[in-house]
Amino acid sequence: MTSALQIARSGLDALDQKMKAISNNLANVNTTAFKKDRASFETLMYQSGRSPGDPAGANSDYAVGLGTGTGVRVAGTEQIHTQGALTQTDNALDMAIEGSGFFAVTQADGTTAYTRDGSFKLNAEGQLVMGNGDRLSPPIAIPDGAQQIVIATDGTVSATLQGATTATQVGQIQVARFLNPAGLQPAGGNLYTATTASGAAQVGTAGADGSGVIRQGSLEASNVSTVQELVDMIETQRAYEVNAKVINSADEMAKYVTQNM
């Protein structure tokens with residue numbers, strides 16, 4: 001009974017972790033460019049009394065083994081980097097990447113982070129920055145008094161100055177690609193940092209090498225499906241209930257043995 005209690009406890013721990021991932025997904029359903037998490041599981045060690053193929057007699061072997069699993073644990077939580085829907089905002093500084101790329105930004109400490117959140121603003125110097133002040137990298141400054149800002153799908157930024165009849169190119173937004181986006185480290189604030197698992201950032205022109213194109217006046221929504229998360233939540237709750245019942249049954253069995261043997 002002790003083993004059953006421990007196995008069921010490991011199930012409760014794993015399902016609790018899955019429920020945390022689902023809760024975080026639902027909490028961020030309206031977060032710009034949020035990528036949902038998915039928990040994956042793996043079995044714990046097996047207690048093997050007999051292995052398949054062990055001798056059963058002089059001329060025969062066991063076709064199946066005799067072993068008992070010791071439970072389950074969370075192998076990892078993976079972010080699913082599928083494309084979120086694009087929502088048109090008509091704000092000239094809002095941008096969405098349609099494809100696999102990321103915007104690069106320079107944080108306050110000088111390090112580079114990456115984001116799919118394209119809700120940029122202008123700071124006091126006219127530079128494109130995130131809401132927290134992180135500057136787009138490479139930096140792009142919009143001249144004071146610009147009447148119209150146009151961002152092409154390849155990231156070319158042009159501004160029409162007051163009194164001018166033609167637009168002037170003021171910069172080029174570049175996008176970063178990663179061999180393994182799931183290996184990026186979430187840093188909060190809609191930011192990711194590169195890791196050895198993600199590989200180094202491959203920075204280039206939007207639209208080239210499968211990096212995705214930039215859509216001005218749009219933002220990427222989260223890729224969370226509320227209906228799917230609710231279904232996953234119900235399944236997780238039912239599995240949790242079953243594991244809890246196993247603990248209760250094992251406890252009743254232990255109680256019976258203690259009182260009647």
Side-chain angles (χ1 to χ4, degrees), residues 1-54 56 62-85 116-117 180-193 195 197-198 220-261:
M1 275 77 83
T2 302
S3 295
L5 288 172
Q6 293 302 321
I7 292 171
R9 180 200 57 77
S10 73
L12 294 178
D13 287 343
L15 291 167
D16 181 61
Q17 184 66 43
K18 182 178 181 181
M19 189 62 85
K20 290 178 182 176
I22 294 172
S23 300
N24 188 54
N25 290 342
L26 289 171
N28 285 282
V29 68
N30 290 320
T31 300
T32 302
F34 173 78
K35 302 303 178 187
K36 66 179 180 180
D37 296 316
R38 181 179 63 190
S40 57
F41 304 93
E42 64 183 11
T43 58
L44 296 177
M45 294 292 291
Y46 266 68
Q47 295 177 336
S48 180
R50 183 181 68 225
S51 300
D54 280 355
Y62 286 107
V64 296
L66 176 61
T68 304
T70 57
V72 64
R73 65 182 174 190
V74 176
T77 54
E78 176 188 5
Q79 285 206 307
I80 309 301
H81 283 269
T82 54
Q83 177 78 47
R116 297 273 298 187
D117 181 359
N180 175 30
L184 291 169
Q185 176 66 46
N190 292 349
L191 296 173
Y192 301 91
T193 55
T195 69
S198 68
E220 183 184 3
S222 76
N223 64 352
V224 176
S225 166
T226 304
V227 174
Q228 183 60 56
E229 296 300 324
L230 290 175
V231 170
D232 289 347
M233 184 171 64
I234 292 171
E235 290 179 346
T236 303
Q237 182 181 6
R238 292 291 178 259
Y240 196 94
E241 289 174 357
V242 170
N243 278 273
K245 287 181 179 178
V246 169
I247 291 178
N248 184 63
S249 297
D251 180 56
E252 289 294 327
M253 292 167 67
K255 179 181 177 181
Y256 177 83
V257 171
T258 301
Q259 294 179 346
N260 297 283
M261 298 297 290

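Since we're looking at a predicted model, the values are computed, not measured. All values below come from the heavy atoms of this structure, side chains included, with hydrogens, waters and symmetry mates left out.
- Judged by distance alone, the side chain of Asp54 and the main-chain N or O of Arg50 form no donor-acceptor pair under 3.5 Å.
- One finds the OG atom of Ser23 at 6.5 Å from the CE atom of Met19 (value rounded to the nearest 0.5 Å).
- Checked by atom type and distance alone, the side chain of Thr70 pairs as donor or acceptor with a backbone atom of Met45 at under 3.5 Å.
- Judged by distance alone, the side chain of Asn248 and the main-chain N or O of Ala244 form no donor-acceptor pair under 3.5 Å.
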Could you please spell out the steps behind the side-chain contact (heavy atoms from CB on, under 4.5 Å) verdict for Lys36 and Glu229?
CA-CA 10 Å; Lys36 66 179 180 180; Glu229 296 300 324; 4.0 Å; yes
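- The backbone N or O of Thr32 sits nowhere less than 3.5 Å from a side-chain atom of Asp117 that would complete a donor-acceptor pair.
- The OG atom of Ser198 sits 7.0 Å away from the CG atom of Asn180 when rounded to the nearest 0.5 Å.
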Let's go through Asn223 and Thr82 carefully: what are the C-alpha distance in whole Å and the side-chain angles of both, what is the deciding distance for side-chain hydrogen bond (donor to acceptor under 3.5 Å, both in side chains) to 0.1 Å, and is it a yes or a no?
CA-CA 7 Å; Asn223 64 352; Thr82 54; 2.9 Å; yes
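- The two residues His81 and Pro181 come nearest to each other via the heavy atoms NE2-O, 3.3 Å.
- The nearest pair of heavy atoms linking Ala8 to Val246 is CB-CG1, 3.8 Å.
- A salt bridge links Glu241 with Arg238; the closest basic N to acidic carboxylate O contact falls under 4.0 Å.
- Remark: Arg73 CZ is loosely packed, at most 12 non-hydrogen atoms of other residues, nucleotides or ligands lying under 6.0 Å away.
- Across every non-hydrogen atom of Asn243 and Ala239, the tightest pair is ND2-O, 2.8 Å.
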Apply side-chain contact (heavy atoms from CB on, under 4.5 Å) to the pair Gln17 and Phe41, showing each step before the final yes or no.
CA-CA 10 Å; Gln17 184 66 43; Phe41 304 93; 5.6 Å; no
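- For the residue pair Thr193 and Ala187, the shortest heavy atom distance occurs at CG2-CB, 4.3 Å.
- Side-chain atoms of Asp37 do not come within 3.5 Å of backbone N or O of Asn25 as any donor-acceptor pair.
- Formation of a donor-acceptor pair under 3.5 Å by the Asp16 side chain with backbone atoms of Leu12 is not found in this model.
- Here the side chains of Ser222 and Asn28 are not in contact, with every heavy-atom distance at 4.5 Å or above.
- Looking at every heavy atom in both residues, Ala63 comes nearest to Pro52 through O-CB, 4.1 Å.
- Atoms OG1 and CE, on Thr258 and Met253 in that order, are 11.5 Å from each other to the nearest 0.5 Å.
- Gln185 and Thr195 make their closest contact through CB-CG2, 3.7 Å (heavy atoms, listed as atom of the first residue, atom of the second, distance).
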Show, in sequence, the C-alpha distance, side-chain angles and deciding distance for Asp232 and Gln228, and conclude whether the side-chain hydrogen bond (donor to acceptor under 3.5 Å, both in side chains) test is met.
CA-CA 6 Å; Asp232 289 347; Gln228 183 60 56; 3.0 Å; yes
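- Panel note: side chain Asn190, backbone Arg116; no donor-acceptor pair is recorded below 3.5 Å.
- A salt bridge links Glu220 with Lys35: at least one charged nitrogen is closer than 4.0 Å to a carboxylate oxygen.
- Side-chain atoms of Ser10 come within 3.5 Å of backbone atoms of Val72 as a donor-acceptor pair (strictly under, hydrogens ignored).
- A side-chain donor-acceptor contact under 3.5 Å links Ser40 to the backbone of Gly76.
- Salt-bridge annotation for Asp251 and Lys255: absent, with no side-chain N of the basic residue lying under 4.0 Å from a carboxylate O of the acidic one.
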